[in-house]
Every structure is written in C-alpha cells, then in structure tokens.
*Asks:* 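Would you mind keeping the following structure in view while I ask a few things?
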Amino acid sequence: MKRKRVVILGSTGSIGVNTLKVIERYPEKFEVLGLTAYNNIKLLEKQVKRFSPKYIAVNEDGFKYFKKQGSIAQKNILNVFQDLEHLVALKEADIVVIAMRGSAALMPFLSAVTSGKTVATANKEALVIAGNIILKEAKKFNARVIPVDSEQSAIFQCLEGRTNNHVNKIHLTASGGTLLRVSKSRFDQITVKEILNHPRWKMGQKITVDSATLMNKGFEIIEAIKLFDLSVDQIHVVIHPEAIIHSMVEFDDGSVIAQLGVTDMRLPIQYALTYPQRMDTGCAPLKFAQLKKLTFEEPDFKKFPALSLSIHVAKEDGTLPSVLNAADEVAVDAYLNQEIALTQIYKITEKVVLKHKNKKNPDLNAILAADAWAREEVRKEIYN
Ligand code: MG
C-alpha cells in the first residue's frame, strides 16, 4: 500500500511532537511531506533530520537558517505566515494535521478541506469561529474532518464516524483543571506557575489556563455542536477528575457508549491518522482494578461562569463565537504576562461578548471582522 503523505501544521508543539511519534512507529504507513513552525527552529531542525520532509514553513529567521543549512531545497522553504494554504493544498498531500493553535489555522484549514484532504484537527479555534463554513465546504469537497481533541475524538469514536442519528445527548467530560478544588476567593492569589501545573494533561500554556477557567470546555461545547451537528441542549458537561472517560454519547434508547483510555494524546492522534483502522499505539492499557473508581460531578457554574457564557454564545452563534475566542485569547495572553488577574479574564471577556452586535450566518469577512473588533475592545479594557 502506498504510504500516506502527512503535512503537520505546528510540528514543534505538543500535538505536533506526538503526531511525529505516531508516524515514527509506522514508517511503512506514513511519510512526512511538510512540517511548519513559528519559533522553535532548533526542534524543527531535529525533526527535519529525522523525518526528511520535502517542505517546511518557517519565519524569516528560519528561512535564513535553513537556506544556509541546506537540507531542504530553497524553493521548498516556505513562509509560515503566507504559504500554509498552498502547502496543505499540494497534490502530494494526503493528510493534514492541524496542530497549531489560534485562529491563524482558519485559512489553511479551509484550504485543506476545499482540496478534499483528510484533516486531523487538534485546533479548536477554527471550528469554534467558523465551523459551519468549514464543515459545509468539507461536505462539498468530500474532505474528511477527524477531531484529535480527546473529547471530540471520544465522541467521534462512540459514533464511529456516523452522523448524530438517534443521539439524545453528549456527556462532555472535563477533568476540572487546576482550580477544581480551589475556592473562588483564592483564584487571584494563585500564581501563573501553579495554574500551569495541570494535574492530568501536559499542554500549551493558553489551553491550560482555559482548562482552569473551564473556558476550554466552553469552546469544546461549541466545537462539538459544529462537528456533530448537535443543539446546545444536547450537550451536558460533566466533571470527571480521573480523565479516563474522554466523553460519552447517550442514544435515544438511553444506552450510553463511552470511550475510555489513558491520558495520552498519541491515542486520539493515531486514530485520526489511521481511521477507521485501529492499531497498537504503545500506550499502556488501562488497569481497572488499580483505578478502583471513576467519579463524576456537576460543574459549578457560579465558580466557573465561563461555562454559562459559552453556552449563551453557542445558542446565539453568528459572530459571537469569534468574539468569545478572540477576547479570551487576548485576555489570557495579558494574564500570562501578569498584566491582569485571573478573574479579570472572564470579566473582560464577558463585557466584550455582551457589547458585541451579533451578526447571524456570517461569512468569513464578518467572522474575521468580529475577531479583530474583539481583540481591540479587550486591549482598550486592559491598556487604556
Ligand atoms: Mg480537550
């Protein structure tokens, strides 16, 4: 069988690194066609040595570096800010893994689906802000979108790639993040370093903060609605601190199918790459007797208002998800730079969301305009 040629957008982040581990395990099935990175040129160079991609996309410094270094033909050293849409649309590419974060993934994501590729996405921003457009185009161009995010992958696995026929409800699990057992009055005394020390998952800084405030779960509600064509009322968030069940689907007859596994991203990544086939991942199997018990609780909406805000945004849809995503991103950045307190992230985001004049059924321009507007509004709140 011909090897699948894979492009990884954001190969030096945690999802990118784990994707390469999966590929390394199955050299007879996959080959790396393209790798892209914004900053971590050192790690990218190691990856280039190991996987010999034909293309890379880097910033200007990276271009100079690799041009001098000479391992990639100069014409195949692309610009990470301009050429991703071109890279993912290449005829040679079979699978595009979107491992980069942020709304910068939107245009390459669209380009990959309109080129009919299989897209394995860990990026939730693009789906949150423009999921309707992306999935409509995917259908039109016969592209397959397979989620890599552990919860969405779980739902996808429970549905076995089918649509939402006979689905009553999705139980979207949340491990609860760093603040689950911290009282709200102490939120602003917690250091950034403590917040970043997530008990279950090793992830990037932005998503770890979003996990602590449950904004990440809010984004996942919106993401699931788009991916699986559900209504807001069909999504139930349940706190499950052990993070063994990655989500569950409840069908019309009351039967529930859950997906369980160790907390290792190689599992959902590999499933997205090999779907519908299942193969050994090298991850340790679950040992139920050692786990002893799995626990569940309702989320505390008072303590984590980001959850209610995102449900409101999910209901209204239109350009509001774009505003929520952009506002949160700028506010979390300011928090990580220690310019605002943790609870300010929510307060500022809520203010900007409520101020926005929502536009229903937006086109791409309206979505991007809402994104730019929200960023500016948050900056005014923080820096004026
Ligand atoms: Mg997740």
Side-chain angles (χ1 to χ4, degrees), residues 8-22 35-44 46-47 57-59 62 80-81 84 96-106 108-109 120-129 147-153 174-180 190-220 222-223 243 246 263-269 272 306 310 324-340 342 345-346 349 371 375 378:
I8 305 174
L9 304 185
S11 65
T12 56
S14 75
I15 298 288
V17 167
N18 278 303
T19 304
L20 287 170
K21 282 186 193 160
V22 170
L35 297 175
T36 83
Y38 282 93
N39 299 309
N40 198 341
I41 297 302
K42 284 278 159 238
L43 178 55
L44 183 65
K46 275 191 197 152
Q47 295 177 339
V58 285
N59 63 16
V80 73
F81 297 103
L84 297 186
V96 176
V97 179
I98 306 188
M100 60 193 274
R101 77 166 184 88
S103 45
L106 175 55
F109 199 147
T121 181
N123 176 285
K124 60 187 64 145
E125 290 88 346
L127 286 170
V128 164
I129 72 178
V148 162
D149 195 3
S150 62
E151 294 82 356
Q152 315 297 349
S153 172
S175 61
T178 331
L179 298 172
L180 183 61
I190 306 277
T191 65
V192 171
K193 205 178 149 205
E194 285 170 291
I195 290 282
L196 292 179
N197 190 18
H198 192 283
R200 297 285 167 208
W201 295 100
K202 291 262 155 295
M203 305 176 288
Q205 296 194 344
K206 157 76 166 52
I207 188 170
T208 306
V209 175
D210 281 343
S211 296
T213 61
L214 291 198
M215 183 59 90
N216 181 56
K217 208 48 56 181
F219 288 140
E220 287 177 3
I222 301 172
E223 196 187 7
H246 300 305
T263 47
D264 190 318
M265 284 310 290
R266 284 177 296 166
L267 221 146
I269 291 168
S310 41
L324 181 71
N325 172 68
D328 177 67
E329 191 175 308
V330 180
V332 170
D333 261 354
Y335 168 72
L336 287 169
N337 292 330
Q338 307 196 20
E339 293 163 334
I340 58 171
L342 184 89
I345 300 172
Y346 172 74
T349 303
D371 176 285
R375 285 171 202 274
V378 174

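As the structure is a computational prediction, the values presented were derived from the model and not from experiment. In this chain, residues are counted from 1 in sequence order.
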*Asks:* Specify the closest pair of heavy atoms between Leu9 and Thr36, including all atoms of both residues, with the distance to one decimal.
*Replies:*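 Heavy atoms only, the tightest pair is CA-OG1, 3.3 Å.
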*Asks:* How long is the straight-line distance from OH of Tyr346 back to CG of Leu214, given to the nearest 0.5 Å?
*Replies:*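 Reported value, rounded in 0.5 Å steps: 12.0 Å.
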*Asks:* So which atom in Ala331 and which in Val378 form the shortest heavy-atom distance, rounded to 0.1 Å?
*Replies:*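 Taking Ala331 first and Val378 second, the nearest heavy atoms are N-CG1, 4.0 Å.
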*Asks:* To the closest 0.5 Å, what do you measure between CG (Asp371) and CD (Glu329)?
*Replies:*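 Nearest 0.5 Å value for the CG-CD distance: 7.5 Å.
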*Asks:* Check whether any side-chain heavy atom of Ile190 lies under 4.5 Å from a side-chain heavy atom of Leu342, and answer yes or no.
*Replies:*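 The answer is no; the side chains never approach within 4.5 Å.
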*Asks:* Kindly give the heavy-atom pair with the smallest separation between Ser103 and Arg375, and that separation in Å.
*Replies:*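 For Ser103 and Arg375, the tightest heavy-atom pair comes out as OG-NH2, 3.3 Å.
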*Asks:* Nearest 0.5 Å please: distance from the CD atom of Glu223 over to the CG atom of Asn216.
*Replies:*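 Answer for the CD-CG pair, Glu223 versus Asn216, is 8.5 Å.
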*Asks:* Could you give the distance from OG (Ser175) to NE2 (His246), rounded to the nearest 0.5 Å?
*Replies:*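 The OG atom of Ser175 sits 10.5 Å away from the NE2 atom of His246.
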*Asks:* Among side-chain atoms of Lys124 and Asn325, is any donor-acceptor pair under 3.5 angstrom?
*Replies:*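 There is no such pair (donor and acceptor under 3.5 Å, judged by atom type) between the side chains of Lys124 and Asn325.
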*Asks:* If the condition is salt bridge (charged side-chain N to carboxylate O under 4.0 Å, His left out), which residues does Arg101 pass it with, not counting sequence neighbours?
*Replies:*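 Salt bridge (charged side-chain N to carboxylate O under 4.0 Å, His left out) check on Arg101 returns nothing, list empty.
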*Asks:* Does a side-chain heavy-atom distance below 4.5 Å link Val148 with Met265?
*Replies:*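 In short, these two side chains touch, coming nearer than 4.5 Å.
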*Asks:* For the residue pair Glu194 and Thr178, establish whether any side-chain heavy-atom pair is separated by less than 4.5 Å.
*Replies:*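 In short, these two side chains do not touch, never coming nearer than 4.5 Å.
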*Asks:* Walk me through it: do Gln47 and Val17 pass the test side chain to side chain contact (heavy atoms under 4.5 Å, CB included)?
*Replies:* CA-CA 9 Å; Gln47 295 177 339; Val17 167; 4.0 Å; yes
*Asks:* Can you check whether Ile195 reaches Leu179 side chain to side chain, under 4.5 Å on heavy atoms?
*Replies:*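 A side-chain contact exists here, since the closest heavy-atom pair is under 4.5 Å.
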*Asks:* Does Met215 reach the side chain of Leu324, with side-chain heavy atoms less than 4.5 Å apart?
*Replies:*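 Met215 reaches Leu324 side chain to side chain.
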*Asks:* Testing the basics here: between Arg266 and Val22, what is the closest heavy-atom pair and its distance to 0.1 Å?
*Replies:*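 So the two residues come closest at O-CG2, 3.8 Å.
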*Asks:* What's the spacing between Thr191 OG1 and Leu196 CG if we round to 0.5 Å?
*Replies:*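 The CG atom of Leu196 is 8.0 Å from OG1 of Thr191, to the nearest 0.5 Å.
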*Asks:* Taking the side chain as every heavy atom from C-beta outward, state whether Ile340 and Ile345 have any pair of such atoms under 4.5 Å apart.
*Replies:*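 A side-chain contact under 4.5 Å exists here.
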*Asks:* Within the structure provided, determine whether Phe109 and Val96 are in side-chain contact (heavy-atom separation under 4.5 Å).
*Replies:*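 Side-chain contact under 4.5 Å: no.
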*Asks:* Between Thr121 (side chain only) and Pro147 (backbone N and O only), is there a donor and an acceptor less than 3.5 Å apart?
*Replies:*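 Answer holds: no.
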*Asks:* Look only at the side chain of Glu220 and the backbone of Glu151, and say whether a donor-acceptor pair between them is shorter than 3.5 Å.
*Replies:*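 No.
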*Asks:* Which heavy atom of Ala105 sits nearest to which heavy atom of Ala126, and what is that distance?
*Replies:*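 Smallest heavy-atom distance, with atoms named: C-CB, 4.4 Å.
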*Asks:* Do Ile15 and Thr19 have side-chain heavy atoms sitting under 4.5 Å apart?
*Replies:*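 Ile15 reaches Thr19 side chain to side chain.
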*Asks:* Calculate, to the nearest 0.5 Å, the distance between atoms CD1 and OG belonging to Ile269 and Ser150 respectively.
*Replies:*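 Atom-to-atom, Ile269:CD1 and Ser150:OG are 10.5 Å apart.
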*Asks:* Would you say the side-chain atoms of Ser153 pair up with the backbone N or O of Asp149, donor to acceptor, closer than 3.5 Å?
*Replies:*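 Between the backbone of Asp149 and the side chain of Ser153 there is no qualifying donor-acceptor contact (under 3.5 Å).
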